[in-house]
Every structure is written in C-alpha cells, then in structure tokens.
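All residue numbers refer to positions in the sequence shown, counting from 1. Note that the structure is a prediction, hence the values are computed from the model and not measured.
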Amino acid sequence: LSLIIFFNFVWFIYAPLKDIRTAAMQYAQGNFDFDPIKIYSDDEIGDVATSLNYMASQLRDSNEYQQKFISNISHDFRSPLTSIKGYIEAIMDGTIPPEDHKKYLSIVLSEANRLEKLTTGLRELNSWNTTGPELFLEEFNMESVIASTVETFQGSCEKKNIELIIQFPPKHYNVYADKGKIEQVLYNLLDNAIKFSNIGSKIILKVYNKGEKVYCSVKDFGMGIPSDSIDKIWQRFYK
C-alpha cells in the first residue's frame, strides 16, 4: 500500500511539478521556444501547466513582433539616409547647380522629417500587442502624398534616365488611413522599382478608384520576378 501511494505521488504530483519547474526556469531565461508542458489533468496542477503554456506563447509572440518592428525601422532608415547623403554630395560637388539648391534642400528637409517620424515610431514599441502596431488613422489627400514621395526620387531617376509617369484620376480623392504607413509602402515600392529598372526605362505610378476604395499601383519594366520566386516575395527582406 505504501509503494502504491509512493508511486502515485511520484507520477501524479512530483513529476508534473518537476516539469513545471523546468519550463518556468527556461521561460525565465527567455527561452520561449521551450517545449510546452504536457500535462493534461483537470486538477490544479493541470491548470498551472496550461497557464504557463499560454503565458509562454504570449511572450513569444510579443518578442517576435518587437523584433520585426525593429527590423522594419532599420530597413526604413536606410533609404532616406541614402537620399540625404546623395543630394548633399551632389550639392557639394556642383552636380546640382546653385539655382536648384533650394529645391533639393527642401527634399533633404522632407527626408529628415521622415526620419524624425520613424524615430518617433520607435516609441510605438510600448503600444505593441499580439495584433501588431497601433494604426493612427486620419483623412488625407492621396495625390499629395504621392507627389511628395515621388519628388524624393527625382535624383535617383535622373541618374538612371528613368521616366516616372504619374497617372491621377480626374477627380481628387481623400482616403482614411495611416498616412505614415502609406508613405512607407509607397517609398519602398518606388525604391525597389528604381533599383530593378533598366537605364532609360520608365515607371508608371497609377491611382484609380473602384467603388469606395482608392487603389495605387507602381509598375516598372525591369527584369521582373522569376516564376520560381513568386511565392517567396512575402518573405521578409527576400530579394
């Protein structure tokens, strides 16, 4: 009878508590990928195991979101810094004539303001949750956002002799969205289109509406994406 009680104690109490302790130590060290606790009893020990597994999954998701956010910020910082550097170098070496300095300095200022917004965006880490970052929705004119973004890439287009064609609809449309995020998307699409366009080619930026929605497309005439890579374009930073 004593042996039966002893083995029941080991099997139903000591072993589960040992597994819970091991998992808790791993989670405390930041290892949220540790195998979930496999205890399926309906008693208090089972409840503790289920709660720990849920806590670990939530912490793992939060950690992944923050890492993705930092990666995005690092990626988005690179392009405006390149533009600022390029325009300042062009002004200093005389490539841009003095009469155009004001025009291109305004573009540099616009890029500096964009960097400031991205820096402010780092504070969004505090508002992250399992659904992603908080969106700051507002009403704005889509065409003005496109015009200011396109202006930033004038120097890059001139270097490769790329013709940038903008097609706006006859009617002006306002949209309700996160202006900063839309600017980032447009910036990245145009940046990629210019990078992978051939010298002397063209890029078409088109805005059109369907019903209550406004659509924007960026089309280049470069080499295109190989058919075996189409399914991979949504992988982060895949080239």
Side-chain angles (χ1 to χ4, degrees), residues 72-92 95-121 135-210 213-225 233 237 239:
N72 285 335
I73 288 292
S74 301
H75 179 262
D76 290 333
F77 261 66
R78 193 176 300 115
S79 295
L81 283 172
T82 302
S83 295
I84 290 173
K85 180 183 176 184
Y87 285 125
I88 290 177
E89 287 177 347
I91 290 173
M92 292 180 68
T95 304
I96 296 176
E99 58 269 20
D100 290 335
H101 283 185
K102 186 176 180 180
K103 173 185 175 182
Y104 287 98
L105 283 174
S106 67
I107 296 175
V108 170
L109 179 60
S110 174
E111 289 295 88
N113 289 333
R114 207 167 86 84
L115 281 174
E116 185 179 18
K117 289 179 182 178
L118 288 172
T119 305
T120 304
L135 295 177
F136 299 97
L137 303 177
E138 60 180 311
E139 186 173 325
F140 60 91
N141 182 262
M142 189 69 184
E143 295 172 22
S144 64
V145 170
I146 291 171
S148 62
T149 306
V150 165
E151 196 175 49
T152 304
F153 291 99
Q154 283 185 348
S156 302
C157 289
E158 289 173 1
K159 284 182 181 179
K160 298 183 70 173
N161 194 27
I162 294 174
E163 182 185 5
L164 192 54
I165 302 170
I166 306 174
Q167 298 177 349
F168 286 148
K171 183 181 178 181
H172 298 282
Y173 290 98
N174 285 348
V175 298
Y176 186 66
D178 188 316
K179 186 177 179 181
K181 297 291 189 297
I182 295 296
E183 286 176 337
Q184 286 183 22
V185 172
L186 281 171
Y187 198 99
N188 288 334
L189 287 174
L190 278 170
D191 189 35
N192 285 332
I194 293 169
K195 282 180 183 176
F196 297 103
S197 288
N198 301 317
I199 295 174
S201 64
K202 61 183 178 180
I203 295 172
I204 299 175
L205 201 157
K206 184 179 180 181
V207 180
Y208 57 98
N209 73 298
K210 285 184 179 180
K213 293 186 177 181
V214 177
Y215 293 82
C216 178
S217 67
V218 178
K219 182 178 180 180
D220 67 74
F221 297 86
M223 66 180 72
I225 302 173
I233 61 173
F237 307 128
K239 290 188 177 181

Heavy-atom closest pair, residues [X] and [Y]:
X: L137; Y: D178; value: CD2-N, 3.7 Å
X: K202; Y: F221; value: O-CD1, 3.1 Å
X: G222; Y: N198; value: CA-ND2, 4.2 Å
X: S217; Y: Y208; value: OG-CE2, 4.4 Å
X: I162; Y: S197; value: CD1-CB, 3.8 Å
X: Y176; Y: E139; value: CD1-N, 3.8 Å

Can I get a per-line list of side-chain donor-acceptor pairs under 3.5 Å for residues 146-155, giving both atom names and the distance, sequence neighbours left out?
unit_1	atom_1	unit_2	atom_2	d
S148	OG	S144	O	3.3
S148	OG	V145	O	2.9
T149	OG1	V145	O	2.8
T152	OG1	S148	O	3.2
Q154	OE1	K103	NZ	3.3

Using 0.5 Å steps for rounding, measure from the [atom1] atom of [X] to the [atom2] atom of [Y].
X: M142; Y: I182; atom1: CE; atom2: CD1; value: 5.5 Å
X: I199; Y: N161; atom1: CD1; atom2: CG; value: 8.5 Å
X: F168; Y: C216; atom1: CZ; atom2: SG; value: 8.0 Å
X: E111; Y: I88; atom1: CD; atom2: CD1; value: 11.0 Å
X: S201; Y: F196; atom1: OG; atom2: CZ; value: 13.0 Å

Would you say L164 and L190 make side-chain contact, with heavy atoms under 4.5 Å?
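Yes, side chains in contact.
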Are F140 and N174 close enough that some pair of their side-chain heavy atoms sits under 4.5 Å apart?
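Not in contact.
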side-chain contact (heavy atoms from CB on, under 4.5 Å) partner of L189, chosen from D220, I203, V218
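Testing each of D220, I203, V218 against L189, the sole residue satisfying side-chain contact (heavy atoms from CB on, under 4.5 Å) is V218.
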Cut-off 3.5 Å, side chains only: do Y187 and S83 have a donor facing an acceptor?
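Yes, because at least one side-chain N or O of Y187 sits under 3.5 Å from a partner of the opposite role on S83.
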So for atom NZ, which belongs to K160, do other residues, nucleotides or ligands contribute more than 12 heavy atoms lying within a distance under 6.0 Å?
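Counting other residues, nucleotides and ligands, NZ of K160 exceeds 12 neighbours.
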cation_pi(K179, F136) dist<6.0 Å, angle<=45:
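Judged by the rule (NZ or CZ under 6.0 Å from the ring centre, within 45° of its axis), K179 is not positioned above F136.
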Not counting sequence neighbours, which residues clear side-chain contact (heavy atoms from CB on, under 4.5 Å) with Q167? List them please.
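Once residues adjacent in sequence are excluded, the partners of Q167 under the side-chain contact (heavy atoms from CB on, under 4.5 Å) criterion are I165, I204, K206.
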